[in-house]
Number of protein chains: 2
Amino acid sequence: MSNKYDSLKLENQICFPLYACSKEIVRKYKPFLDEIDLTYTQYITMMVLWDKKQMNVKTLGEYLYLDSGTLTPVLKKLESKSFIKRNRDKDDERNLCVSITDEGEKLKEKAADIPGKISRCVNLSEDEAAQLYKLLYKTLGDLSQI
Amino acid sequence: MSNKYDSLKLENQICFPLYACSKEIVRKYKPFLDEIDLTYTQYITMMVLWDKKQMNVKTLGEYLYLDSGTLTPVLKKLESKSFIKRNRDKDDERNLCVSITDEGEKLKEKAADIPGKISRCVNLSEDEAAQLYKLLYKTLGDLSQI
DNA sequence: TCCTTTTAAATTGTGTACTATTTATATAGA
DNA sequence: TCTATATAAATAGTACACAATTTAAAAGGA
């Protein structure tokens, strides 16, 4: 017994569980991130910088799927906590170069056990996690097309 | 060549593609939702009410994984657009009963083609979509445990 | 009945996100 | 060189999202 409005039901959408899942998992991070004084957005920003050491705002935004409107206040906050530095590029003053500090490097050690704690909240098998990972990146790729 | 910090890389996390995917797909909705003057949060709220007709804020929040702090302003906005009504429950004045209006019912027809437009942005096969759906709800279930 | 506890919304304060615009700098032609 | 265009961040304005608190109402016992 289906009708033309079935697709409008929450339980028939793929977007809703994505949205809800994302929110709930970010919420799970909170107690762990509180211990190192980071929000989730600040945490993923630090993850890029732990790996790459420095980067301008635009490139950082491409990694994180965020624009300068979101990143500017996040980066100012991270700078105020001394985890990063913000400096204009001498060769092209339009670029702001964001780089990690020693303080920021130290934070990496404190953060190292967080991914393990989170994965213990999600009881996916290795296969299932790999499947989910693959499907999410495929979808993300589709969505990035025009 | 792996080290103890590998799990801290963005590309090794399951949470990040979830977070990014959710944001990107919500962004895809925007032009379609603009046409019917709804935001994504307002849209999923209306989806529940198109289906259930009326509900108190707490139950609505359980469906949407949102609390009254988020829902109160969303519901006031939807009321100002005449899509819903907000009334205290006569039997228990603590409960606020949210119900759909005729105006709100009419909106359902205008929204009916949105799910199709969105699924055309995501090139998952039926199997893949079903897999993703299943994994997301499994994860959501895991996350809802204490 | 009175008081304590519980419950449901609303409120407060902080921090994203996003669109659109502005500002500053750099580049590319005419 | 001068000007138009393009680019990168920052800013402004709107709308969530959440934790913590407050308010109001209901329920449950002594």
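Chain naming here is simple, since letters A, B, ... match the order of the sequence lines and numbering starts at 1 in each.
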Looking at D/dT7, I'd like to know if its phosphate oxygens (OP1 or OP2) sit under 4.0 Å from a side-chain N or O belonging to A/Asn95. no

When you measure from the side-chain N and O atoms of B/Arg88 to the phosphate of D/dA26, is any distance below 4.0 Å, counting only OP1 and OP2? no

Quick one: label A/Thr41 by what it contacts on the DNA or RNA (base, sugar-phosphate, nothing), any heavy atom closer than 4.0 Å. sugar-phosphate

Look at the side chain of A/Ser68 and the base of D/dA10, then say whether one donor and one acceptor between them are separated by less than 3.5 Å. yes

Distance in angstrom units between B/Lys30 NZ and D/dA15 C1', rounded: 11 Å

Is there a side-chain contact between B/Arg27 and the phosphate of C/dA17, meaning an N or O under 4.0 Å from OP1 or OP2? no

To the nearest Å, how far apart are B/Leu33 CG and D/dC16 P? 11 Å

Looking at every strand, decide which applies to A/Thr70 at a 4.0 Å heavy-atom threshold: base, sugar-phosphate, or nothing. base

Which nucleotide in the list C/dA10, D/dA9, D/dA17 gets nearest to the side chain of A/Tyr19? D/dA17

Which label fits A/Tyr43 and A/Trp50: parallel for a plane angle under 30°, tilted from 30 to 60°, or perpendicular past 60°? perpendicular

So if I take every side-chain heavy atom of B/Thr72 and compare against D/dC16, C/dC18, C/dT11, which nucleotide ends up nearest? C/dT11

Mind checking A/Val74 for me? I need base, sugar-phosphate or nothing, with any heavy atom below 4.0 Å counting as a touch. sugar-phosphate

Tell me whether A/Lys23 forms a cation-pi arrangement with B/Tyr65, defined as NZ or CZ under 6.0 Å from the six-membered ring centre and within 45 degrees of its axis. no

Salt-bridge criterion met for A/Asp102 and A/Lys106 (N-O under 4.0 Å): no

Answer yes or no: is there an ion pair linking B/Lys85 with B/Glu103, defined by an N-O contact shorter than 4.0 Å? no

Salt bridge flag under 4.0 Å for residues B/Glu24 and B/Arg27: yes

Measuring to OP1 and OP2 of C/dA8, would you say a side-chain N or O of B/Asn56 lies under 4.0 angstrom away? no

Which nucleotide in the list C/dC18, C/dA10, D/dT11 gets nearest to the side chain of B/Lys23? C/dC18

Donor-acceptor check, side chain of B/Gln54 to backbone of B/Ile100, threshold 3.5 angstrom: yes or no? no

Counting only side-chain N and O atoms of A/Lys28, is one of them less than 4.0 Å from OP1 or OP2 of D/dC18? no

Side chain of A/Leu66 (C-beta onward), nearest among D/dA25, C/dT11, C/dA17: C/dA17

Looking at D/dA15, I'd like to know if its phosphate oxygens (OP1 or OP2) sit under 4.0 Å from a side-chain N or O belonging to B/Lys77. yes

Nearest whole angstrom, please: distance from the C1' of D/dA26 to the CG of B/Leu96. 16 Å

Calculate the interatomic distance between B/Met55 atom CE and C/dA9 atom P; express it in whole Å. 12 Å

Provide, to the nearest angstrom, the distance between the CG atom belonging to B/Asp89 and the P atom belonging to D/dA27. 11 Å

Using heavy-atom distances to pick each residue's nearest nucleotide on DNA chain D, tell me which of A/Pro73 and B/Tyr40 is more 5'. A/Pro73

Within this structure, what is the CG-to-P distance between B/Asp92 and C/dT6, rounded to whole angstrom? 17 Å

What nucleotide among D/dC18, C/dG15, D/dA27 has an atom nearest to a side-chain atom of B/Arg94? D/dA27

Have a look at A/Leu71 and say if it touches a base, only the backbone sugar-phosphate, or nothing, with a 4.0 Å heavy-atom cut-off. nothing

Kindly point out which of C/dA10, C/dT19, C/dA26 is positioned nearest to the side chain of A/Asp67? C/dT19

